[in-house]
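Notes follow the structure.
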Amino acid sequence: MSVLVTGGAGYIGSHTVAELRSAGEDVVVVDNLTTGHRKAVLDELRVPFYQCDIRDKQQIIEILQKHAVDAVVHFAANSLVGESVENPLKYYDNNVAGTEKLLEAMVEADVLSIVFSSTAAVYGLPERMPIREDDIKEPLNPYGDTKLAIERMFRFAHDAYGLSSASLRYFNAAGAHRTLPIGEDHRPESHLIPIVLQVALGQRSAISVYGDDYETEDGTCIRDYIHVSDLASAHRLAVNYLRSHESGVHAFNLGNGNGFSVREVIDVARKVTGHPIPEVVAPRRAGDPPQLVADASRAREVLGWQPAFPALEDIVLDAWNWHKEHPRGYED
Ligand SMILES: NC(=O)c1ccc[n+]([C@@H]2O[C@H](COP(=O)([O-])OP(=O)(O)OC[C@H]3O[C@@H](n4cnc5c(N)ncnc54)[C@H](O)[C@@H]3O)[C@@H](O)[C@H]2O)c1
Ligand SMILES: O=c1ccn([C@@H]2O[C@H](COP(=O)(O)OP(=O)(O)O[C@H]3O[C@H](CO)[C@@H](O)[C@H](O)[C@H]3O)[C@@H](O)[C@H]2O)c(=O)[nH]1
């Protein structure tokens, strides 16, 4: 048996591949390398790699059969909130149509378990904080809407084909692996923590704070940052959960339950790096909700998930170590 990881050359995917391999799983990776890096699938992990698009149904069926895959962990997607507002059709094509094609291949190959990268962006403007899985979902941007559409597809695919799914709604992934040379390298980078650290490295002159007039204590947006290795461990647990339970449709929030404003993140980065990190206030970014904080008690109770690196300082420190050692990311 092996686990197919789509998007396994990406940021969270590559950490999950490492986690699954360290648990003794056989893993196979499919990635079209549009935003991922071949080098992020470390040679030492001995993982078969296919440069292939999830929409290539025939090749996916062949891979599922050749490697006796029994579960899919599905990261492959476009995932930038701002870009999705500017180019929504790209998101409906790659995320929704792409996942639909992947599911067709899985059903034809009789592989009926999927762990899926969903997002806090499905909730939109939450009515209460922290957010629970059953709270109202009205995405504010096309990206979140594509992820919610996929979750809905899972429900009907369960009823029709017996597909078992676990949608993991991550809050903000950050940090890097503590021992292996993998970390965050998005191009262009749009995420707060790596951009702040690029300022500390002298690669940018200042961090732009997107809006300081939100209804939060210091006026900047609040997010729940979760270590990428803690996301990886949740995927391993979710694969095993689907394997050991009756077919079902599941959703789990993954976050630490602590909200940090953009300014608080910058302050933590100043402390960790010892750099002054100048900031400038810029206009709000389209599609950004003011606050997203997780109630992840269901993942703790049902999956037995326990984040190992919950402190923001540790998350930023691990990211800083990766960026210091790899200032040009996977080009180094
Ligand atoms: N980074 C976050 O904070 C965050 C938060 C919530 C959810 N997510 C979700 O987690 C997943 C991974 O995010 P990430 O930050 O690692 O992104 P990433 O861009 O680093 O990884 C995505 C990977 O998928 C590959 N890919 C994209 N479309 C593909 C296709 N059609 N066929 C094959 N491969 C394809 C890319 O080349 C890349 O390697 C995404 O689905 C994203 O929506 C990320
Ligand atoms: O240069 C920057 C970059 C970001 N921000 C702000 O920092 C916060 C975090 O932004 P970012 O790191 O880009 O993450 P999000 O937009 O919150 O989205 C991430 O987290 C979501 C879940 O919460 C996931 O769905 C997305 O895939 C993932 O990119 C937001 O308020 C941004 O407006 C800035 O002020 N300046």
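Starting from 1, each residue takes its place in the sequence as its number. Order of appearance sets the numbers: ligands from 1, and atoms from 1 within every ligand.
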Between ligand 2 and the protein, find all N/O pairs closer than 3.5 Å and give the distance for each.
unit_1, atom_1, unit_2, atom_2, d
ligand 2, 10 (O), Arg285, NH2, 3.4
ligand 2, 12 (O), Leu192, N, 2.8
ligand 2, 13 (O), Ser190, O, 3.3
ligand 2, 13 (O), Arg285, NH1, 3.3
ligand 2, 13 (O), Arg285, NH2, 3.0
ligand 2, 14 (O), Asn172, ND2, 3.1
ligand 2, 16 (O), Arg285, NH2, 2.6
ligand 2, 17 (O), Asn172, ND2, 2.9
ligand 2, 17 (O), Arg223, NE, 2.8
ligand 2, 20 (O), Asn172, OD1, 3.4
ligand 2, 20 (O), Asn172, ND2, 3.3
ligand 2, 23 (O), Asn172, OD1, 2.8
ligand 2, 25 (O), Thr119, OG1, 2.3
ligand 2, 25 (O), Tyr143, OH, 3.2
ligand 2, 27 (O), Ser79, O, 3.1
ligand 2, 27 (O), Tyr143, OH, 3.0
ligand 2, 29 (O), His191, NE2, 2.7
ligand 2, 33 (O), Asp288, OD2, 2.5
ligand 2, 35 (O), Ser208, O, 3.4
ligand 2, 35 (O), Tyr210, N, 2.9
ligand 2, 36 (N), Ser208, O, 2.7

Practice task
Report yes or no: does a heavy atom of Gly98 sit under 4.0 Å from some atom of ligand 1?
Solution key: no
Problem - Atom indices of ligand 1 within 4.0 angstrom of Leu33 heavy atoms, with elements - result: 37 (O)
Problem - ligand 1 contact by Glu184, heavy-atom criterion under 4.0 angstrom - result: no
Problem - Glu264 side chain to Ser261 backbone, donor-acceptor under 3.5 Å - result: yes
Problem - Output field: ring centroids Phe75/His15 closer than 6.0 Å - result: no
Exercise for the section: Just jot down the side-chain hydrogen bond (donor to acceptor under 3.5 Å, both in side chains) partners of Ser247, sequence neighbours excluded, or say none. Expected result: His158
Exercise for the section: For Ser190 and Leu80, work out which heavy atoms get closest and say how close. Expected result: OG-CD2, 3.2 Å
Handout entry: Set of side-chain hydrogen bond (donor to acceptor under 3.5 Å, both in side chains) partners for Arg155, sequence neighbours left out
Key = none
Handout entry: Whichever hydrophobic residues join Leu125 through chains of side-chain contacts under 4.5 Å
Key = Leu140
Completion exercise
atom 2 (C) of ligand 1 has as its nearest protein heavy atom Ala173 CB, 3.7 Å
Exercise for the section: Measure Cys52 to ligand 1 on non-hydrogen atoms and call it side chain, backbone, both or neither using the 4.0 Å cut-off. Expected result: backbone
